[in-house]
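Worksheet: one structure, shown below.
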Amino acid sequence: MAGVEEKEKEKEVSGVEEKVTTSRAPTEEEPAAEEEAGKHADEEDTGAQIAPIVKLEEVVISTGEENEDVLLDIKAKLYRFDKDGTQWKERGVGQVKLLEHKQTKKVRLLMRQSRTLKICANHMVLASTTLQEHAGSDKSWVWHAPDYSDGTLKEELFCMRFGSIESAHKFKDAFEAAQEKVSAKSDKDEEAADTAAGLLDKLKVEGETKDEVTAVTSNGIVS
C-alpha cells in the first residue's frame, strides 16, 4: 500500500510541473505590441466636433490713414518744448510719416510711439513752416506747428532727432518737397477762387444791366 501511495503522489507532482512548464512567460514583444495598439486607439479620430464656447468676431481697426499715401516713413525721437518748465521733454520714439491725402492732396506729419502706437505729433505741413538745425546737432530739426496730437489744436515747438545725418537730410528733403506740393495746391486754389469771384461779378453786372433795360422799356422810354 505504501508503494501505491508514493506512486500516486509522484504523478500529482509531475502533473503540477507540467502545468507550470506549459504556461510560458510573456515575451518582450507582447507588452510593446499592446502599448502600440493603445496608442492607435487614442489617436483614432472619432469625428466629433467641439464648438468654441465664445465666438470671436473679426474687428476691423481704422487707423485714419486709409485714404492717404505715404511720402515718408522713418524712425526718429521727438521732443516738445515745455514753456512752463523752460526745457525740452521727450514725446516718444517711433515712426514719423508724411501722409498725402488722395483727394485733397493735403500733407500732414504723423508720428506714433513704437510700443503703444500713441500719437505724439499730428499736424498739417504748411508752406510757411521752417526747419532749423538744433544747436550743436546736425541730426536734429526744430520747427513750430499748430499740433492736434492731444485732441486740441495747440501751437507747439518740436525738436526731432534722427539716428544718422543721412536720415535727417532725408526727412528735410521730403518735408520741403511736401511744402512745395502744398504751396502749388494753394496757388491753384487761389487762382480758382479768383476766377469764380470774377464770374460771379460778371453775372451780377449782366443781371443789373438786364434789370435796367427792362425797367426803361416798361416806362415807354424805349420802343
Side-chain angles (χ1 to χ4, degrees), residues 59-198:
V59 178
V60 179
I61 300 175
S62 175
T63 62
E65 305 172 24
E66 289 76 14
N67 296 322
E68 295 172 307
D69 294 324
V70 180
L71 304 180
L72 177 71
D73 187 353
I74 194 169
K75 187 176 182 180
K77 179 181 287 187
L78 183 67
Y79 297 87
R80 178 184 66 85
F81 188 75
D82 182 13
K83 296 179 181 179
D84 297 332
T86 63
Q87 61 180 343
W88 290 101
K89 289 189 175 181
E90 183 178 333
R91 292 279 284 181
V93 178
Q95 296 297 123
V96 56
K97 297 180 181 180
L98 293 179
L99 304 172
E100 182 182 22
H101 198 277
K102 295 179 180 179
Q103 296 179 350
T104 64
K105 300 302 179 182
K106 293 182 178 181
V107 182
R108 66 169 174 150
L109 183 147
L110 177 68
M111 182 173 178
R112 297 178 185 271
Q113 295 179 359
S114 296
R115 295 183 179 180
T116 63
L117 298 181
K118 180 182 178 181
I119 295 176
C120 50
N122 182 23
H123 64 77
M124 304 303 298
V125 174
L126 304 177
S128 58
T129 303
T130 303
L131 296 180
Q132 297 178 339
E133 279 192 12
H134 189 266
S137 175
D138 52 1
K139 297 186 292 185
S140 303
W141 299 108
V142 179
W143 73 94
H144 285 273
D147 186 71
Y148 197 75
S149 58
D150 292 332
T152 56
L153 195 63
K154 184 170 57 174
E155 188 71 22
E156 296 283 9
L157 177 60
F158 290 121
C159 176
M160 187 170 288
R161 189 173 69 186
F162 298 88
S164 64
I165 298 175
E166 291 76 11
S167 297
H169 289 169
K170 184 177 180 180
F171 172 80
K172 185 175 185 291
D173 293 341
F175 193 93
E176 291 179 346
Q179 285 182 304
E180 292 179 2
K181 286 187 176 184
V182 171
S183 180
K185 179 69 168 51
S186 299
D187 293 340
K188 288 182 179 179
D189 291 343
E190 289 179 3
E191 184 179 350
D194 293 340
T195 303

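Just so you know, these numbers use all the heavy atoms, side chains as well, and skip hydrogens, waters and symmetry mates.
- Not a single ring pair (Phe, Tyr, Trp, His ring centres under 6.0 Å) links Y148 to another residue, sequence neighbours left out.
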Starting from the C-alpha separation in whole Å, work towards a yes-or-no answer on side chain to side chain contact (heavy atoms under 4.5 Å, CB included) for V142 and L131. CA-CA 6 Å; V142 179; L131 296 180; over 6 Å; no

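- For K102, the NZ atom counts as densely surrounded, since its 6.0 Å shell holds more than 12 non-hydrogen atoms of other residues, nucleotides or ligands.
- For the atom pair CG (L72) and CG (L98), the distance works out to 5.0 Å, reported to the nearest 0.5 Å.
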Is there a side chain to side chain contact (heavy atoms under 4.5 Å, CB included) between N67 and Q103 once you walk through the steps? CA-CA 8 Å; N67 296 322; Q103 296 179 350; over 6 Å; no

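- Atom-to-atom distance recorded for K97:NZ and D69:CG is 12.0 Å, nearest 0.5 angstrom.
- For NZ of K105, the number of neighbouring non-hydrogen atoms (other residues, nucleotides, ligands) closer than 6.0 Å is greater than 12.
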Please tabulate, for the side chains in residues 174-182, all donor-acceptor contacts under 3.5 angstrom to protein atoms that are two or more places apart in sequence or on a different chain.
| from | atom 1 | to | atom 2 | distance (Å) |
| --- | --- | --- | --- | --- |
| E176 | OE2 | K172 | NZ | 2.5 |
| Q179 | NE2 | L126 | O | 2.9 |
| Q179 | NE2 | T129 | O | 2.6 |
| K181 | NZ | E100 | OE1 | 3.3 |

Please list, one pair per line, the donor and acceptor atoms closer than 3.5 Å that link side chains of residues 150-163 to other protein atoms, with sequence neighbours excluded.
| from | atom 1 | to | atom 2 | distance (Å) |
| --- | --- | --- | --- | --- |
| R161 | NH2 | Y79 | OH | 3.4 |

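- Interatomic distance, OG1 of T130 versus CH2 of W143, reported as 12.5 Å (0.5 Å rounding).
- Contact check for L99 versus V70: side-chain heavy atoms found under the 4.5 Å cut-off.
- H101 approaches E68 most closely through the heavy-atom pair CA-CG, 4.1 Å.
- Here CG of L110 is found 10.0 Å from NE2 of H123. Values are rounded to the nearest 0.5 Å.
- Applying the side-chain hydrogen bond (donor to acceptor under 3.5 Å, both in side chains) rule to Q132 yields no partners; only residues at least two apart in sequence or on another chain are considered.
- Partners of T86 under the side-chain hydrogen bond (donor to acceptor under 3.5 Å, both in side chains) rule, at least two apart in sequence or in another chain, do not exist in this structure.
- Nearest approach of C120 to L78, heavy atoms of both residues: O-CD2, 3.5 Å.
- Between the NZ atom of K77 and the CD atom of E90 there is a distance of 4.5 Å, given to the nearest 0.5 Å.
- Applying the side-chain hydrogen bond (donor to acceptor under 3.5 Å, both in side chains) test to every pair with at least one member in residues 110-122, sequence neighbours left out, gives these pairs: E65-R112, R108-N122, Q113-T116.
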